[in-house]
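Everything quoted here is computed from the prediction, not taken from an experiment. In what follows, chains carry the letters A, B, and so on, assigned in the order in which the sequence lines appear, proteins first and then strands, with residues in each chain numbered from 1.
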Protein chains: 2
Amino acid sequence: MCERAHTLATGLGGVNSVVYSDGVTTSGAPRRSTVKDIAAAAGVSRGTVNRVLNGGYVSPEARAAIQAAIAEVGYVPNTAARNLKRRRSEAVGFLALEPHTVLLEDPNIGAIMLGANAVLSLAGYQMVSLVIDSDRDTERVARYLSGGFVDGAIIVSARAYDPITTLIGQIGLPAVFVGHPPDLTNAIPFVGIDNVGSARAITQRLMATDRRRIGMIAPALNRDSGVDRLTGFREALGDRFDPALVAEVPHYDYAGGVAGMRTLLDREPALDGVFAASDAVAAGAMQVLREAGRDVPGDVGVVGFDDSSWADRTQPPLSTVHQPAREIGRRAAELVHRQILGDEDVPGSVLLPSPVVWRHSA
Amino acid sequence: MCERAHTLATGLGGVNSVVYSDGVTTSGAPRRSTVKDIAAAAGVSRGTVNRVLNGGYVSPEARAAIQAAIAEVGYVPNTAARNLKRRRSEAVGFLALEPHTVLLEDPNIGAIMLGANAVLSLAGYQMVSLVIDSDRDTERVARYLSGGFVDGAIIVSARAYDPITTLIGQIGLPAVFVGHPPDLTNAIPFVGIDNVGSARAITQRLMATDRRRIGMIAPALNRDSGVDRLTGFREALGDRFDPALVAEVPHYDYAGGVAGMRTLLDREPALDGVFAASDAVAAGAMQVLREAGRDVPGDVGVVGFDDSSWADRTQPPLSTVHQPAREIGRRAAELVHRQILGDEDVPGSVLLPSPVVWRHSA
DNA sequence: TTGTAAGCGTTATCAT
DNA sequence: ATGATAACGCTTACAA
């Protein structure tokens, strides 16, 4: 039995054919053994078992017997009971409050996650990431966070007045915001970069290449990062700033770049420079420019933001602002960890350097 | 106080300057209120409180008083206690056993996640994704899974003999594998596609465009999907199969495509067709071809696998095999859910259709 | 309809 | 060095 079922399907049949192989019987899991069981098996009390589990004085003989028993039955502690007693879970939640598309195509989020996980892991914490993709999710995640499943949380792309954001404040869960601090200044620290300064810097650099008509594709104006990047752009342009040359788009994604670039080209065919507020957006913009027969950087210079893996893969490679995503994740993790440990004075914010990296798209 | 600290940094300073703003004092969280508290506040017993929480007969007056009390103090149940009693967590774990790069740049994983989350969410389950990025992680996640934090697990890209894979089997946790079933056929179902058939089909299609020398970039030969795709390729080519024209690379990633394409071009400059076993790989390969001055599809036809967002964004758009990632996620979630519910005969495997989609790269 | 009490599996505080 | 025993906060019979 149990032939590999997938040799049966062709993969070509466009129809909705679904192949089921033979059933699998879910064997009712045998009851897990408890400290009590181990104690009985080793002929000692639960207290002693606990002492070998969590440190304490215990005689060599007893210890040996207990360890044997543990190995024998493959004992693994029940964390619900343990958490209940210890009043902590040794887990930290990670949530990215981003729309689908961004979540799927923004490599930065993954990098932040990996960075955060690295330091939490070292500290013995389990990082669990929760996706929020509907109101139902929001509610459930809120319960999850306040229910004691985690000792702290890292929240990426929080917006002010977001239900989760406010909840965290209310229940006093150790937390840190990444990237986009909410407008309301509350007791929750954040780590990020200087979006205004970086946007200003890269726009200035673009201006220095002698562009006459510079536009911006401005996504996510409902987030601090979005408005900050726009602010920096405006500051750099000064008198030359023309509101008609900023195309607002909803998200930091490829589709936003495509839409924004079309708008811009429409409004100002003589455009010769574009600041796209993320690399994914820039990639979309470059695609439109290519289709419109515009050469980059010959006819129009394009700069992005993030220095994510997109930047290396556009043609030509993108000039952009480097965002130290991995490090941001690490810092965020450190900050929650310190709060969990009860550190009284963790910094209210950490800003990391985000230098301009100049490649060939402008 | 609390000026926005980030107006201070320039974002340009290449040095390791880090700006800390004023500290934040972690307010010791006030004790959470319990069912007992609510009962006291409402002047009823805990049993009654529980009845309004979890359904049951309760008089209108009592109910009103209790609900008022709950709202008053913002009661939220302690899940550790609840799990301990109920012996379930209403959460399921999601793990992707992939290397960094793949995790970060493979949009399919995100899509699977979203699909799975959608159905789990509807069923009232919290999906938590766990990243495994080191041996330390493996061990901790193993404890997490066996400790009762989750009622089930979805495992993407499992390999046979992987510690997690075997653990899951041992502890009898309801689980399902996605994409790449382990070689050992055990009691854990999987959902995926027919890799052999699909690889064969797209290779045949490529052959039909009159290519003479067709090579393959073959990543992840330590996974079923990797060897299956290679098998399909070989089957399609039949007598014309030339082992010198398959370039093995470690991972399903862009870098793999770059490396593999270089190898292939090196070994056979007259190459005029390439099957890259994932879209990310194909994107890397096309980049190398472009740099080598080869036109796609003029000089060499390229096909990929996955139909991820990469496929739309290569230049020209990629001919590839459509993988219904979202649906795969949904099915996987259904399968764990059914197991958790105690369904005795869930299918041992589910294979979804994966049609070839023909665009312009071949 | 409501209250009481036992118990989930740990950990921690006592005596011993 | 070890053994009882009392919580942790919730659910759930069962009794009232």
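At least one side-chain heavy atom of B:L53 sits under 4.5 Å from a side-chain heavy atom of B:I70. At least one side-chain heavy atom of A:L335 sits less than 4.5 Å from a side-chain heavy atom of A:V191.
Counting heavy atoms of neighbouring residues, nucleotides and ligands inside a 6.0 Å radius, atom CG of B:N54 exceeds 12 of them. A 6.0 Å sphere centred on CD of B:E139 holds no more than 12 heavy atoms belonging to other residues, nucleotides or ligands. No more than 12 heavy-atom neighbours from other residues, nucleotides or ligands sit within 6.0 angstrom of CD on B:E72.
Residues from residues 57-67 of chain A with heavy atoms under 4.0 angstrom of DNA chain C: there are none. At a non-hydrogen distance threshold of 4.0 Å, nothing from residues 142-152 of chain A comes into contact with DNA chain D.
Taking every nucleotide of DNA chain D with any atom under 4.0 Å from a non-hydrogen atom of chain B, the first and last of them, 5' to 3', are D:dG9 to D:dT12.
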Report task. Determine, for nucleotides 8-16 of chain C in 5'-to-3' order, which nucleotides have protein heavy atoms under 4.0 Å from the base (write B), from only the sugar-phosphate (write S), or from neither (write -). Result -> BBBB-----
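Between the CG atom of B:D151 and the CG atom of B:L173 there is a distance of 8.0 Å, given to the nearest 0.5 Å. In this structure, CG on A:L145 lies 5.0 Å from CD1 on A:I168, to the nearest 0.5 angstrom. Annotation: the span from A:I155 atom CD1 to A:F190 atom CZ amounts to 13.5 Å, rounded to 0.5 Å. For the atom pair CG (A:L167) and CG (A:D162), the distance works out to 10.0 Å, reported to the nearest 0.5 Å.
In summary, A:R143 and B:E90 do not engage in a salt bridge, as defined by a charged side-chain N under 4.0 Å from a carboxylate O. Electrostatic pairing of B:R338 and B:E334 does not count as a salt bridge here, judged by no charged N lying under 4.0 Å from a carboxylate O.
Using bins of under 30°, 30° to 60° and over 60° for the plane-to-plane angle, the ring pair A:F149/A:Y144 lands in the parallel bin.
Summary of helix geometry: the two end axes of the helix from C:dT1-D:dA16 to C:dT16-D:dA1, each defined by five base pairs via their C1' atoms, are inclined to each other by 40° (rounded to 10°).
Between B:S45 and C:dT4, a side-chain N or O to OP1/OP2 separation shorter than 4.0 Å is absent.
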Acceptor/donor pairs from residues 113-122 of chain B side chains to any protein atom, 3.5 angstrom cut, sequence neighbours excluded:
unit_1: B:N117; atom_1: ND2; unit_2: A:D137; atom_2: OD2; d: 2.9
unit_1: B:S121; atom_1: OG; unit_2: A:D137; atom_2: OD1; d: 2.6
unit_1: B:S121; atom_1: OG; unit_2: A:R140; atom_2: NH2; d: 2.7

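Remark: the backbone N or O of B:A80 is not paired with any side-chain donor or acceptor of B:N83 at under 3.5 angstrom.
In plain terms, the two heavy atoms of B:A325 and B:N108 that are nearest each other are CB-OD1, 3.2 Å.
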